[in-house]
Amino acid sequence: MANWERKLEIEELLAREAHLLDERRFKEWLEWLTDDVEYVMPLREYVQGDVAPAGHPIIRDDRTMIEVRLAKDETGYSHSELPESMTCHVVSNVVVDDIEGSNEVLVRSTFLVRQARKLRDEAWWAGRRLDRLRPVDGTWKLARREVHLDATILPRGISIFF
Amino acid sequence: MTVLNELDVLVDWKNGLVAPAIHVDEEVYRTEAARVFGRSWLLVGHEQMVPTPGTYITNYMGEVPVIVSRDRRGEIHVLVNKCSHRGNQVCLFDRGKARGFACSYHGWSYGLDGTLNGIPVEDFAYREGVDKSQLGLEKVAKVANYGGLLFATFDAGAPELESWLGEDGRWWLDNLVLSQDLGGLELLPGFHRYHSPGNWKLAAENFFGDTYHVYTATHVAWIGVCVDYMKQGNLAPMIDYPSGTNSTHLNAATGVEPGRTPFGMGMLVMDQEVYKRDYAEAQRLGPEAVEWVEHRFHVRQKAFEGRADWPYGFMHAGMFPNAGLMGFISPLVGRHFLQFHPRGAQAHETWQWTMVEREAPQVVKEVAAQRVFQGQHPAGLIAPDDVENFERILEATVPDRNRTRPFHYGQQLGHETEGPAGYPGQVGPSPSEANQRAFYRHWLELMDRG
């Protein structure tokens with residue numbers, strides 16, 4: 001029997017998170033990350049046969065690095081976010097699974113993010129997220145996010161969060 | 001009057017005036033595919049990407065898809081990724097290990113060296129026989145390996161790679177880019193790639209010599225955060241390493257003479273201020289790191305015995321036509337190898353890979369790689385701001401009337417060689433646009449050759 005209450009609760013949290021990102025309320029967004037959060041975006045490539053894995057990911061941020069990204073944009077001179085991007089995060093297909101031997105849960109979701117910049121510039125980002133949520137003080141916090149963008153060649157430089 | 005016929009006027013590199021028409025015009029773009037990309041030696045990868053027989057990568061030479069493969073005898077080939085029968089691409093993977101390549105259209109199959117091995121229904125369909133030896137994948141005319149870097153050219157009459165790079169260029173490559181005397185480099189597999197608006201030359205000239213943009217405007221947000229965080233003692237790899245801030249910056253180039261292929265290096269550091277930072281950083285990383293940076297320093301000090309002003313590192317560099325290099329001055333930052341692949345006159349793709357010094361301790365290799373993907377990288381703190389500029393340039397230079405008023409490349413005009421003497425090529429003050437002028441000088445030579 002699925003834990004419907006837990007699923008609804010987490011879906012609600014992910015929807016609220018998407019609104020925080022789209023409304024650029026990053027300080028509040030940071031509150032939903034654990035102190036030891038890890039935000040990872042692996043390299044996607046088409047590989048045939050037995051070859052060495054990618055040497056490093058696209059992103060592997062800890063909390064400090066996430067804060068650095070936000071601090072950079074707050075300087076007012078971060079051109080890739082000046083003027084600010086408009087984003088629309090659509091998060092769907094949320095499923096929640098137990099992680100054996102852990103009180104954290106594995107939350108898989110899909111996302112479609114449209115980023116609009118300046119007059120006509122835009123990027124469409126789609127992919128999947130594998131999140132680990134940790135129970136903290138009666139709610140859930142994001143302990144780890146793995147973002148799998150469906151792109152081998154990124155449509156533009158990344159200056160937003162997924 | 002077409003832009004192509006006016007190039008000698010539009011590209012007045014001697015006076016540091018180059019019109020943006022060359023970045024947006026379609027006829028220029030098609031012509032440069034033949035005259036620039038068709039004639040130059042192009043970077044296609046690194047030998048460590050094809051470490052064993054059967055391994056391969058796919059890449060581009062200009063717009064042309066190619067396969068770089070290692071055959072069973074260990075020989076490296078660069079093959080046009082196009083079936084001889086109907087032109088279908090025969091390899092769709094970014095990299096892999098295989099026995100050969102088979103076409104998805106009619107099943108013609110090729111060996112790792114491009115040899116046509118099999119034609120389905122061969123005996124019945126070609127009753128008089130078919131000469132398979134003439135129908136292999138097209139081999140790119142010349143392939144060469146320099147210090148592990150793989151180059152290829154479509155021009156069978158091109159000079160040998162070594163003379164194309166020149167003795168001067170090779171000296172800087174060996175010492176600052178490839179660290180040949182320090183055990184060389186180690187590849188971290190995988191291409192990181194992103195689309196970028198704007199002509200490929202905008203990115204290429206930026207790496208060739210544009211140190212000016214780093215601290216005047218483009219990257220000041222990153223530098224500002226670096227300074228703030230360092231003051232607070234708050235450390236994150238790419239943040240505590242804007243190396244070179246206490247040093248005198250220099251600008252260097254080789255192949256600046258007419259007819260030669262330029263290699264430009266921006267923000268060269270020839271004092272030992274960065275070494276002090278590296279030493280302090282190594283102390284944080286542990287005794288192995290300290291021992292290694294000291295060892296490096298002593299090897300170099302010995303090699304340049306008698307000179308106080310020896311090159312410690314370079315920030316960014318460009319190899320004509322479309323390769324970019326980054327060293328970030330310090331060996332505690334990985335080395336970046338970039339390609340700016342043309343995608344129509346008004347767009348390009350950046351493909352990049354990362355290497356670290358082979359003899360560095362693991363703790364250094366890890367942090368050095370991290371600094372690459374946190375900085376001049378698709379989701380780093382640096383590259384997205386460059387992409388943003390190219391997008392803005394494109395918007396403003398597309399209208400016909402905006403194409404002819406030239407961009408200004410006048411920095412250090414006439415002062416190109418006023419740096420430390422006695423090094424290969426020329427060393428001059430920084431910031432400078434000497435390297436950009438050399439880039440467009442050679443570009444024009446190739447375009448004018450008809």
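Lettering of chains follows the sequences in order, A, B, ..., and the numbering in each one begins at 1. Note that the structure is predicted; figures quoted are calculated from it, not measured.
Of the two parts of A:T75, only the side chain, counted from C-beta on, holds a non-hydrogen atom closer than 4.5 Å to a non-hydrogen atom of chain B. With a threshold of 4.5 angstrom between heavy atoms, B:Y56 approaches chain A through side-chain atoms but not through N, CA, C or O. In this structure, no portion of A:E74 lies under 4.5 Å from any heavy atom of chain B. Contact of A:P53 with chain B is made through the backbone alone, with heavy-atom distances under 4.5 Å. Proximity to chain A is limited to the side chain of B:W351, based on heavy atoms less than 4.5 angstrom apart.
Per-residue heavy-atom pair counts under 4.5 Å with chain B were compared for A:K72, A:R117, A:E67, A:M41, and the maximum is reached by A:K72. Counting heavy-atom pairs closer than 4.5 Å to chain B, the top-ranked of the candidates A:S159, A:A123, A:P57, A:A151 is A:P57. Interface summary for chain A: among B:G96, B:G190, B:G380, B:A383, the most heavy-atom pairs under 4.5 angstrom belong to B:G96. Between chain A and the options B:D228, B:T218, B:T350, heavy-atom pairs under 4.5 Å are most frequent for B:T218. When B:D385, B:L188, B:T55 are compared by the number of non-hydrogen pairs under 4.5 Å with chain A, B:D385 comes out ahead. The most heavy-atom pairs under 4.5 Å with chain A, out of B:E395, B:E349, B:K97, B:H377, come from B:K97. For the set A:G49, A:A52, A:S78, A:S80, the count of heavy-atom pairs under 4.5 angstrom toward chain B peaks at A:S80. Each of B:T52, B:T354, B:N389 has some count of heavy-atom pairs under 4.5 Å with chain A, and the biggest count is that of B:T354.
Geometrically, B:R343 engages B:Y60 in a cation-pi contact, judged by NZ or CZ lying under 6.0 Å from the ring centre and within 45° of the ring axis.
With B:P197 as reference, B:L394 is the one residue of B:I393, B:L394, B:L202 to meet the side chain to side chain contact (heavy atoms under 4.5 Å, CB included) rule.
Side-chain polar atoms of A:E17 and A:H19 form no donor-acceptor pair below 3.5 angstrom. Checked by atom type, the side-chain pair B:Q339/B:N59 shows a donor-acceptor distance below 3.5 Å. In this structure, a donor-acceptor pair under 3.5 Å is present between the side chains of B:D386 and B:H213. With hydrogens and angles left out, the side-chain atoms of A:Q115 and A:S85 include a donor and acceptor closer than 3.5 Å. A donor and an acceptor atom, one from each side chain of B:E366 and B:Q370, are nowhere located under 3.5 Å apart.
The neighbour count for B:Q232 CD, taken as heavy atoms of other residues, nucleotides or ligands under 6.0 Å away, is above 12.
Between A:F162 and A:F111, the ring-plane angle classifies as tilted under the 30° and 60° cut-offs.
Between A:R156 and B:E388, at least one side-chain nitrogen of the basic residue sits less than 4.0 Å from a carboxylate oxygen of the acidic one, meeting the salt-bridge criterion. A salt bridge does not link A:E9 with A:K7: none of the charged nitrogens is closer than 4.0 Å to a carboxylate oxygen.
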### Message
Evaluate B:L112 against B:F101 for side-chain contact (heavy atoms from CB on, under 4.5 Å), listing each step before the verdict.
### Response
CA-CA 7 Å; B:L112 293 157; B:F101 311 102; 4.1 Å; yes
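Of all residues spanning residues 89-100 of chain A, none has a heavy atom less than 4.5 Å away from chain B's heavy atoms.
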